[in-house]
> 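A single structure is presented below for examination.
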Amino acid sequence: MKKFLYGLTACLFACTPEINYEAPESLDDLRVLIISEGQFGYGTSSLTSLSYDGTVEQDLFRRINNRPMGDVAQSATRIGDLLYVPMNNSKKIEVMDYKTFESVETMPIDEDVIPMYVCHLGGDSIALTDQKSNSRLMIMDINHGSDRKMMRRSFFLGGRSSQMVMHNNKLFVNGDNMSVYDLDNITSQGRRMLKKKDDVYIQNADFSKPVVDKNGRIWALGYWQLICIDPDTEETLVELNLIDLKINSRRSALDISPDGKTLYFNSARRVYTVDVDNPTVPDAPVIYPQRDDQRTVYNMAISKENTIFLSEVLYGSLSRSRIYEYDLQGNEIRNFRAGIFSHGIYFY
Amino acid sequence: MRKALISGSLILSLFTAKSQTGLVDVDLEDVIVTADMKKRDEAAAGTKVTRISHDDIKTNLTKSLSEILLESSPIQIKSMGQGALATASFRGASSSHTQVMWNGISLNSPQLGNFDLSQVPIYFVDDISLYHGGSAQKEGSGALGGSINFSNEAYYGDKPSGSVLLEAASNETYTGGLNLKFSKNGFSSATRAYYQQSENNYRYLNKVFSNVHTYERRKNADYKQAGIMQELYYKTRKGDMLSLMGWWQADNRSLPQSIIVYDMAHEKNNSRNLRTMVAYDMKRKNHALKFSAAYLHGSMEYTRSFGEMVPDTSNNINSSMIAGADYTYSGFKNIILSGILTYRHDKVESDNYISSKERNTVNATIAASWRITKKLHIDARIPLEWNDETYFARYNVSGRYRLIDEWLTLKASNGYNYRVPTLNDLYWNPGGNPYLKPEKGFSSDFSVMTEPTFGTTHLKLEATYFYMNIDDWIMWVPKGNGYIWEPVNFNNVISQGIEFAGDLKFATGKISHIFSGNYAWIRSVDNSYRQEGTQGKQLPYIPRNRWNAGYRFNFNDKLRLHYNASFTDARFTSADESYQTEAYISHNAEVGYNMKLKSKMNIDFSVKADNIFNAYYESTQYYPMPLRMFWGRVIYSF
């Protein structure tokens, strides 16, 4: 009876019980990191890891830091030993150790922007893109040990901006258009819009990742086209018309093999390749896995082992994505669940 | 027999006239004894009913209906915070499966299907009853989970009565209320006015933005609420009652954002609601008849503004006309028969619809109540509904068997119910799905109850098992990459659970004590195969466990103390149970002193502390509720 009364009293007067998440035992041997947007507005962004031994760990950030990562994680960029993850509906960048995922810092962004992608400009500087229709390109200071202001400057681009690549001291920025800046003059005055061969601006490069091939040339998906740019002259060298393959930057991803020789892009589950030295429109996909489900490819990436990763989501649901890995013959190597709307696929 | 007839008549009839005399002997399980003809218990014999005590109502006069239900009932309340949207769900069902009735009129929005309980100040309420279960409601469909019934009572005192209320709270909430009642020659009037404004800038601990937990003050949560209610009653010499009621209310509120997102825009909701009704109750020998009509009009303006930019605005206007007649015949031995016919016309004009939409609903119900023996009572109802050229039928059978006098009573009910999609489900642009099917399914429950009395000690315990099986459950899910949502019919949801409720009342001299408590265990699972990893998982925002417990101390009707604790278990926020918001316990206490001045004049002082132990908690994930808060109140009454 006494025990019951003590228990009842403790129960009645206890304060709020807290959830303590269990951190993974080991994160050595990491191979792949999956960034999931989560459900818009619900703060369910997450990180999922795949180790070389096949171990999958879910929801790493929350389990390690005992708090949610934020709302709509968009991408991850490694700078030194740190990982920078912009959260576009929380208007912040989560900075964490790239191996342990322990939070190092949270960088709030007090601007009316939708932060998307980070690119390291060298030293203490990063560039941050914005998904707003009249987006800003932001130059920020990551020397968070000092009192220096984080936001150095920002300027409007007149359209959306997304993925970036830095090459030969130039910053190439994809967005509604494709633009380039000299590293020492990333300003609105220093912006140069890239054009196709017919002298028309490159359009709708917004969601695709610009990649650098073994020859140091820049490749990007544009409006139904695959485009190659000479980073020195900033002229378009190659234009492949992909309209028959139903490929454009809004629904397809672009990546490149680890040796920089082969480009990969997809139309749903069809994954095509192009040789960077002999670019022609491919006749058939290199892989075309067929499954009887209603999932849709949300992103594609090429691993360091030259295997193909597809992130597939089920539209019209709140459930988790499934990640598939294929070899170049189209054989499924593995599949595993990740977070909700998994978009980022990064390799260690 | 006379008792049985009177009792049965009152159980079943929505419109049965009941006079103040002659009801004292009826079974209190069946009716609420009041002077008000309009107020009656519609619940069938086997239905589980929770009545909120008048002490709880008195303690929470400046709170909303959602707040009192959270403290005093086992149902689940999902709230965005004080003054913000709050909805209720029964037994693992959704908020749109809860019918909210004001004096017998459904207030559920034809657009949303649910009702915002934060819009009901307890100051405007005299009585609150909850009917648990999918077929407890006598008229109208949709109450798959249950219904909340709040009502007003006519005043027939010798002298005018009234009160003035003033209250202030630590989150800069200020409340004023006025209540005037009088009656003469069968005529009765009650006027209530209420105003509450709040900066609502309470403190909370932000544990989600970064690793550094910081105390912050809630922003953009301010609101103003003003309302006036007028009741007029006229009772004829034959006992007929004419009732006229009008309730106007204005709510202007900012919409605070989730603390996991950072939106620099400001959102506001301004709503105006006018609710009117007229009813005439009459009884002649074995015949009872009631005619009623109501008109509801609501407008809601939503604005989203950012800096100097022109704000985005959308408007939604709802209007409903309801007319009904209810006839009861009690001329047969032990059997009461009744029939109800109601017509409802809903019209919605919304900037979010392509064009305005209307809905016509006709409901016809036939019912029988048979008191087979003194101990056994059975009710049966068959409501038929015509809804924009679609016909539906449902049924409910329930019974109560008093096995061992007040020591052991068994109750059971079974029924088939449905809910038609709301107009938003069908026509919202973008996302509305005109091909949705109605939700439908069976529900059953079984209760065991004991209610012994020992001298001045009264004990009531009730345990209930319930089971619901709902097909074509409607749920909004993201379309595409989640920016647009659409409603879909899920295959099947099964909800079952156990509820316990108890009260212990006793007095020692001038001191009275009341202990009360509720506990609910609910397993409400998605049985569809639409999404990977969600089969057999608990539905979002349905806690598996919920309990509350309270103690009231009263000394000579002067000094009083009330202590209440309520626990809500963790609630999953995703369909695959991978995300959840934490469980919480909230403790509240009130001390009050009633000072009698001269005849019937009183001044009542009270101080209340909410969330005494400063617990961080959320009702909706990432919408933090206040840390410890204090309220001070004075009421002058005569």
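Proteins come first, then strands; the chains are lettered A, B, ... in the order of their sequence lines, and each starts at number 1.
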> Nearest heavy-atom pair of Arg67(A) and Lys207(B): which atoms, and what distance?
CB-O, 3.6 Å

> Taking all atoms of both residues into account, what is the closest heavy-atom pair of Ser578(B) and Arg320(A), and its distance?
CB-NH2, 3.0 Å

> Does any backbone or side-chain atom of Ser566(B) lie under 4.5 Å from a heavy atom of chain A? Answer side chain, backbone, both or neither.
neither

> Can you tell me how far OH of Tyr42(A) sits from OG1 of Thr620(B), rounded to the nearest 0.5 angstrom?
9.0 Å

> Do we see a donor-acceptor contact under 3.5 Å between the side chains of Tyr622(B) and Asp71(A)?
no

> Between atom CG of Asn211(B) and atom OG1 of Thr106(A), what is the distance when rounded to the nearest 0.5 Å?
6.5 Å

> Can you tell me which portion of Glu111(A) sits under 4.5 Å from chain B's heavy atoms? Options are side chain, backbone, both or neither.
backbone

> Which bit of Asp110(A) is near chain B, if near means a heavy-atom gap under 4.5 Å: side chain, backbone, both or neither?
both

> Of all the heavy-atom pairs spanning Gly41(A) and Ser258(B), show the shortest one and how long it is.
O-OG, 4.5 Å

> Going through the checks in order, is the side-chain contact (heavy atoms from CB on, under 4.5 Å) test met by Glu105(A) and Val212(B)?
CA-CA 9 Å; Glu105(A) 187 183 13; Val212(B) 180; over 6 Å; no

> Please determine, among Ile260(B), Ile612(B), Val208(B), the option with the most heavy-atom pairs under 4.5 Å with chain A.
Ile260(B)

> Most heavy-atom pairs under 4.5 angstrom with chain B, which of Asp59(A), Asp112(A), Ile109(A)?
Asp112(A)

> Could you tell me if Lys92(A) sits above the aromatic ring of Phe209(B), with its cationic atom closer than 6.0 Å to the ring centre and no more than 45 degrees from the axis?
yes

> Looking only at heavy atoms, what is the nearest atom pair of Gln39(A) and Thr573(B), with distance?
OE1-O, 4.4 Å

> For the residue pair Arg62(A) and Gln580(B), what are the closest heavy atoms and their distance?
NH1-N, 4.2 Å

> How far apart are the closest heavy atoms of Thr44(A) and Tyr579(B), and which atoms are they?
O-OH, 3.2 Å

